[in-house]
Every structure is written in structure tokens, then in C-alpha cells.
Amino acid sequence: MTAFDRRLAQSRDELEWLYMELYNDRAALDALEGMMAALYEERSLSLRRLDGRREEDPRWFCRGSMLGMTMYTDLFAGSLRELEKKLGYLEEQGITYLHLMPLLKMPHPENDGGYAVEDFGQVDPSLGTNEDLAHLTAAMRRRGMSLCLDFVINHTADTHEWAMRAKEGEQEFIDRYLCFDTPEIPREMEKTIPDVFPETAPGSFIWQPEMKKYVCSSFHPFQWDLNYKNPVVFHEMTAAMLRLANLGVEVLRIDAVPYIWKELGTTCRNLPQVHTIMRMLRLITDTVCPGVILKGEVVMAPRELAPYFGTEEKPECHILYNSSTMATQWSALASGDIRQLKRQLDDLHSLPPHCRFVNYLRCHDDIGWGLNEAYGREIGIDPLLHKQYLYTFFEGSFPGSYARGERYNYDPRTQDARTCGTTASLCGIEKGCFEGDEGQIETGIRRDLMMHGVICGMAGFPMLSSGDEIGQLNDYRYHDDPDRREDSRNLHRSPFSWEKAALRGKKGSIQERLWSGLVQLEELRRNEACFGPEAWVTTWDSHNDHVLALVREWEWERLVCLFNFTGEEQEVWLDEMAGEFEDLLTGERGRCDRRTIAPYGCAFCKRTAAGQVSAGAAPYPKPNA
């Protein structure tokens, strides 16, 4: 019996039950299993060995040594071959997880940053070939790095072969999309479907004149939503996903997961069939390529996140983006008030232990201000006024703001908007550089490192955005590019500055101060047991609404992480934290139960040997155990 046969025997009953419930087509199920077997046979010996190691260590992605970075291949290095030559730079930073933004064949120039896919089986020729991708993943594995790639599961480009053949009237391909002859059903569906891009692409349907049909297009008119009620779509997309895994991709970022099933009279978000599909994908990947994990892009409130992990017995995604905490963290920085951030983290910590997150400060998209409005009202915050404050503060138009960014996708009806900008610019470094003010620059660097310290301290693992490690600033040149100027996300989608990166070794430079500060945080994570996969993490009451306190524990060890979100010195009182602690960043020793935190300061305080509990005593109690 092969490893594939053994795994399939374990998953077959559930896969059959789910598939038949959704599609009720046994011949199609047999074809799916045949496709799985064929793609397993195509998997290389080295990747099968990786599968075996990962089966023995299924929580490999939860280690404290995990450190991610996200980037566009062309902006960082130009091509996949050139990126392979830059792996030493990433290894110097300690990167173990590299997320390359979409790189499959796409139309040019209109492709939504690569999320309009023209061919799921081919690397875009501007970036290289499939062979280049396989060569890169092999080189990364030798360095202990895993490659993450986007898998755009919800839609194709309107130039994809399926769409082109649908335009020619071939019913088989029309059926792969959500198409209607008359506007009645689309109009009814648009009454309940929220707009994804209300300013730049309102509505969820377009009129396609060649087909003379209304086509579902939730994101942009040139991205057609797929019809997962058609099992052919599920089969073809699953095969494309497994072929990427066979090229050595170890993490598949499943794009826009909540959107993949549509039903009249609903928001077409988070429907039960979405979870059936995600559970089947998990069963299939666990059977064919268990060395691969699934990361879901689920930009939802914490209460809506848990279902995308499934249960411990029947899991779906291995990890999710921590997008909601990204927003509340920036909100805390602008307001100096950590109460919403603490509440957000408490909500996440209440999820089952198998729920794991990737923490980040910014991404290729924007910062959407999806805060917990009900809790905001409880503590006296008007949700709309606070949201308006945030996007004006971070674009730099609010009086006294140190931030420099831009507004994205403003909706005049709801007065909602999002924010774009690099971390350094949003933290005030750009303003300090423009004004030639070293004091502002230093304060901006402190903000920047404190914010990164928070994502290092949270449960899950941190992911940097390429350029943030050297303090790359906003790039306003996109305003002069007719193909890019309508999308303010291009403010932070700019070519990587290798000239600035060379300054990371120049003592006292902005680049050196940020680089060395981040390396210190990253080494702390790698070396401390409290950042291991079994560590317990919780917030703690600092008795100060300006200072976030996180506690991490593993067996006899306790680490207290403190973050001051203001420009003033703050004092904290921490109950049950008696004894001597050492700040692992400064080496300073002292009490932790009553402590002063510097402006925009962070501290990682570990109980010293003198302060440890006596031998034979029970480990630290877990309040929620």
C-alpha cells in the first residue's frame, strides 16, 4: 500500500459523503479520486519525503522560528530567477516563509495586481516559467524556507480560456460561470450582496454583450466569478491547486474564501457550502500532499473566523490572516487607546487552540477599518466618527498627524474609506525625513519597532511586508502612470530599493536601526520556549488603557510583553507578576508588577531564575484552562 492509498483510505468515507451531498454524482467522484492519484504519482520523490516529515511534525508552521515576508516578485527582483539570487538577503533577515504575490499568467495591464488569472497552470512569462518556479522552491527548501502562493479560487480573468470560449457561446464554458439571460435575478441578488469595491467597481454583475448575458463579477468587471455548483469547476480548480503543490509550493493562500458560493437572497458570504468545499480541499491536500498547508484569506469579524478552521477532528484551513487585529492595532496607535485592541485579542484567544493566525501590519491591499463597533459604543466611541478620524489621521490631513498615507475606496454613501501607505510612512518616518527632523525620525522608528513588536508577541507568527525591514517610504510616482494612478494601493506597491537595503549595515542609518531592531525581535522569538507551538498566550490587565500587556507561558516559563501606544512615558500595574524579571531586549532587571514603559516602548520581560516558582510546584495556572 502506498502512502497515497493509506491516506485515501483514511479520508475516503468523509470525502464521499461531502462530495455526494454537494454534487450527488458518483461517476464524477470516481474521476476526482483518479485525478488525485495521478497527481500524487507526479509528485517528486523529494516532495514525498517532505510530506512524510510533515506528517510526523504537523505543527511545523507554529514554531517560534517562523517568520514570514510578502512581496511582489517583479518589484523585489524582476523575475523568479533573479529572486533566487536574492535568497541570501532573505536568509540574513531570518525569513522562513515567503509569500509571493500572484504570479500566474495574467492579462496586462489590467489584472488587479495579478488576481485576474488567465491561466492557472502557467507562470506569467514576464516573471519566468514553471521550471523557474520549481527551481526556486527547491532552492528555498535547501535554506529552510517555504513558499506561499496565492490560489485565486473565486474567479478568473475575462481573458481566461474558459471565459473566451463562453463568449463564443460554448455552453459547457458558460456553465462554469454565473450567467443570466435577463436582469431580474442579478438585480435581486445585488439587493443583498455588499459591494467589495463600492467606489471603483460597484455592483456584482456586468452585462456581457458578446454572450448577451449578465455575468457575476463581485470584484472587478474583468474578473468573472466561478460557478461551484458545477462539479467540473471544483475538479479543474482542485487539479490546478495540486499542480502548484507539485511545483514545490508549500503554502496555498486561498483567496476570497467566503465568496465562493452564491445563493439568491443571501449576502453570498460565509454560506455552508463554502465550508463543504474547504473541508474537501483539506481532505484532498492531506491525501495527495500533506506537506502543504492552506491559508485562508477571510476578512471577517472574529466570530466568523472560527468556522474556517473547522474543528480539530475535521479541520479546514491550517492558518488564517489576522486582518481584524491589523486594523485595531493601527487604530490603537492613532488614538493611543488599546481597549479595542485588547478586546479583539481576547476574542481571538477565546477560539479553540487549533486556530492559528498570520499577524501583519500591512499587506498588498489596504487597511480596512472593520472594528468592533458594538464594543466601541460600549466604551464611548462613535464608530463613524472614529473611522473618519482614522482615515484622515493616516492620510496626514488630521491636525497634528505624523502619518503620511492615502485614502482608498471612499464610499460617499456610507462615508467609509480605507487606508494605504508603507509602515514607515504611516509611523511618521516619512514626515521626519521630509522636514529634516531627526527627533521625528527617531520617534517614528520607535513607533515602527513597537508595532512590529506587537505582531511578534501575539499568538501566531509574524509576517513582514517587503521594504518595511528597511523603512521604505511611500512612492507617489504612480500618480503619473495612467495604468496605475486610479488605484491608491500602488502607493505602497513600489520597486524595492536595493540602494536603501545596502544601508542596513551603516551604523545609525534609518535602515540599520530598523533592521537591527527587527532582527533582535526575531531572534528573541526563535530562542525563547514561550514562543513555541504549545505556548499559552493571553492579554493581561495593565491598569493603563495606553499599554497593551500580553503574557506567554510554557511549562515553568513566563514572558510578559508590554507595548506603549503613546508618545508619553506610561506606568503599568500587573497583578500576579511579583518577582524579578529581565527585559530580554535591554537586559534590565527589576520588578514587572509595577513598571514604567518608555514612549512607544516595548518590553519582553522574562522571570529570572531568582524569581522562578519552586521546584516541584505546579506550572503557572491558566485562567481559561
Side-chain angles (χ1 to χ4, degrees), residues 300-306 320-351 353 355-361 367-383 386-387 389-390 447 450-460 462 530 535-553 558-577 592-605 620 622-625:
M300 299 288 167
R303 67 181 180 277
E304 296 172 316
L305 295 178
L320 295 181
Y321 277 124
N322 195 353
S323 58
S324 51
T325 301
M326 171 186 68
T328 50
Q329 191 174 334
W330 284 107
S331 172
L333 184 67
S335 65
D337 187 330
I338 59 89
R339 286 178 292 173
Q340 283 189 300
L341 175 57
K342 183 179 184 302
R343 174 62 177 266
Q344 180 79 31
L345 292 171
D346 288 341
D347 288 344
L348 294 179
H349 294 154
S350 70
L351 298 177
C355 299
R356 298 283 177 165
F357 290 93
V358 179
N359 305 312
Y360 57 104
L361 292 179
I367 303 170
W369 300 112
L371 308 179
N372 184 332
E373 295 185 359
Y375 179 68
R377 291 189 186 94
E378 286 181 28
I379 59 176
I381 295 175
D382 181 286
H386 186 58
K387 192 175 295 187
Y389 164 69
L390 291 172
R447 289 189 195 102
M450 185 275 292
M451 292 287 279
H452 278 99
V454 176
I455 65 170
C456 287
M458 290 179 186
C530 286
W536 176 74
V537 188
T538 187
T539 65
W540 211 264
D541 188 0
S542 66
H543 295 286
N544 186 326
D545 290 340
H546 306 303
V547 179
L548 176 69
L550 293 169
V551 173
R552 303 186 67 102
E553 295 177 356
R558 172 178 281 179
L559 187 66
V560 181
C561 315
L562 301 169
F563 308 96
N564 181 356
F565 277 77
T566 74
E568 292 79 40
E569 193 175 79
Q570 300 290 338
E571 194 167 58
V572 298
W573 291 266
L574 300 168
D575 301 329
E576 302 179 33
M577 294 295 166
C592 196
D593 55 343
R594 184 167 183 172
R595 187 182 179 91
T596 299
I597 309 297
Y600 297 116
C602 62
F604 288 79
C605 303
Y620 296 113
K622 307 295 189 287
N624 61 353

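What you are looking at is a predicted structure, and each value in this text was computed from that prediction instead of being measured. Along the sequence shown, residues carry numbers from 1. Both backbone and side-chain heavy atoms feed into the values below; hydrogens, waters and symmetry mates do not.
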Fill in: Sequence-distant partners of Phe565, ring pair (Phe, Tyr, Trp, His ring centres under 6.0 Å), two or more places apart
none
Practice prompt. Flag the pair Phe357 / Leu305 as yes when at least one side-chain heavy-atom distance between them is below 4.5 Å, and no otherwise.
Written response: yes
Item to complete: Could you give me the CA-CA distance, side-chain angles and deciding distance for Trp540 and Leu574, then say whether side chain to side chain contact (heavy atoms under 4.5 Å, CB included) is met?
Response: CA-CA 7 Å; Trp540 211 264; Leu574 300 168; 4.1 Å; yes
Discussion item. Between Asn544 and Trp573 (side chain of the first, backbone of the second, donor and acceptor by atom type, cut-off under 3.5 Å), is there such a pair?
Written reply: no
Discussion item. Please check: side-chain N/O of Arg552 versus main-chain N/O of Leu559, any donor-acceptor pairing under 3.5 Å?
Written reply: no
Worksheet item: With a 4.5 Å heavy-atom cut-off, do Met450 and Val454 have their side chains touching?
Response: yes
Worksheet item: Do Asp382 and His386 have side chains that get closer than 4.5 Å, going by heavy atoms?
Response: no
Worksheet item: Can you list the residues that meet the salt bridge (Lys or Arg N to Asp or Glu O under 4.0 Å) rule with Arg339, with sequence neighbours excluded?
Response: Asp337, Asp545
Discussion item. A side-chain contact here means heavy atoms from C-beta on lying under 4.5 Å apart; do Ile338 and Val547 qualify?
Written reply: no
Discussion item. Are Leu548 and Leu345 packed together at the side-chain level, in the sense that at least one heavy-atom pair is separated by less than 4.5 angstrom?
Written reply: yes
Worksheet item: So, the side chain of Tyr389 versus the backbone of Ala334: is there a donor-acceptor pair under 3.5 Å, distance only?
Response: yes
Worksheet item: What heavy-atom pair brings Pro462 and Cys456 nearest, and what distance separates the two atoms?
Response: CG-SG, 4.1 Å
Worksheet item: Heavy atoms, side chains only, cut-off 4.5 Å: are Ile381 and Leu371 in contact?
Response: no
Discussion item. Give me each pair satisfying side-chain hydrogen bond (donor to acceptor under 3.5 Å, both in side chains) with a member in residues 367-380, each pair once, sequence neighbours excluded.
Written reply: Trp369-Thr419
Fill in: Gly453 versus Phe604, closest heavy-atom pair with distance
O-CZ, 3.6 Å
Practice prompt. Please answer whether the main-chain N or O of Lys342 pairs with a side-chain N or O of Thr539 as donor and acceptor at a distance below 3.5 Å.
Written response: no
Practice prompt. Give the minimum heavy-atom separation between Gln340 and Gly376, together with the two atoms involved.
Written response: NE2-CA, 3.5 Å
Worksheet item: Do Asn564 side-chain atoms and Ala598 backbone N/O form a donor-acceptor pair below 3.5 Å?
Response: yes
Discussion item. Do Leu361 and Gln329 make a side-chain contact, defined as non-hydrogen atoms from C-beta onward lying under 4.5 Å apart?
Written reply: yes
Discussion item. I'd like to know if the side chain of Ser335 and the backbone of Ser331 have a donor-acceptor N/O pair within less than 3.5 Å.
Written reply: yes
Worksheet item: Looking only at heavy atoms, what is the nearest atom pair of Thr566 and Gln570, with distance?
Response: OG1-NE2, 3.1 Å
Worksheet entry | Side-chain heavy-atom pair Arg343, Thr328 within 4.5 angstrom cut-off | no
Discussion item. Set out, in order, the CA-CA distance, both residues' side-chain angles and the distance that settles side chain to side chain contact (heavy atoms under 4.5 Å, CB included) for Val551 and Met577, then state yes or no.
Written reply: CA-CA 10 Å; Val551 173; Met577 294 295 166; 3.6 Å; yes
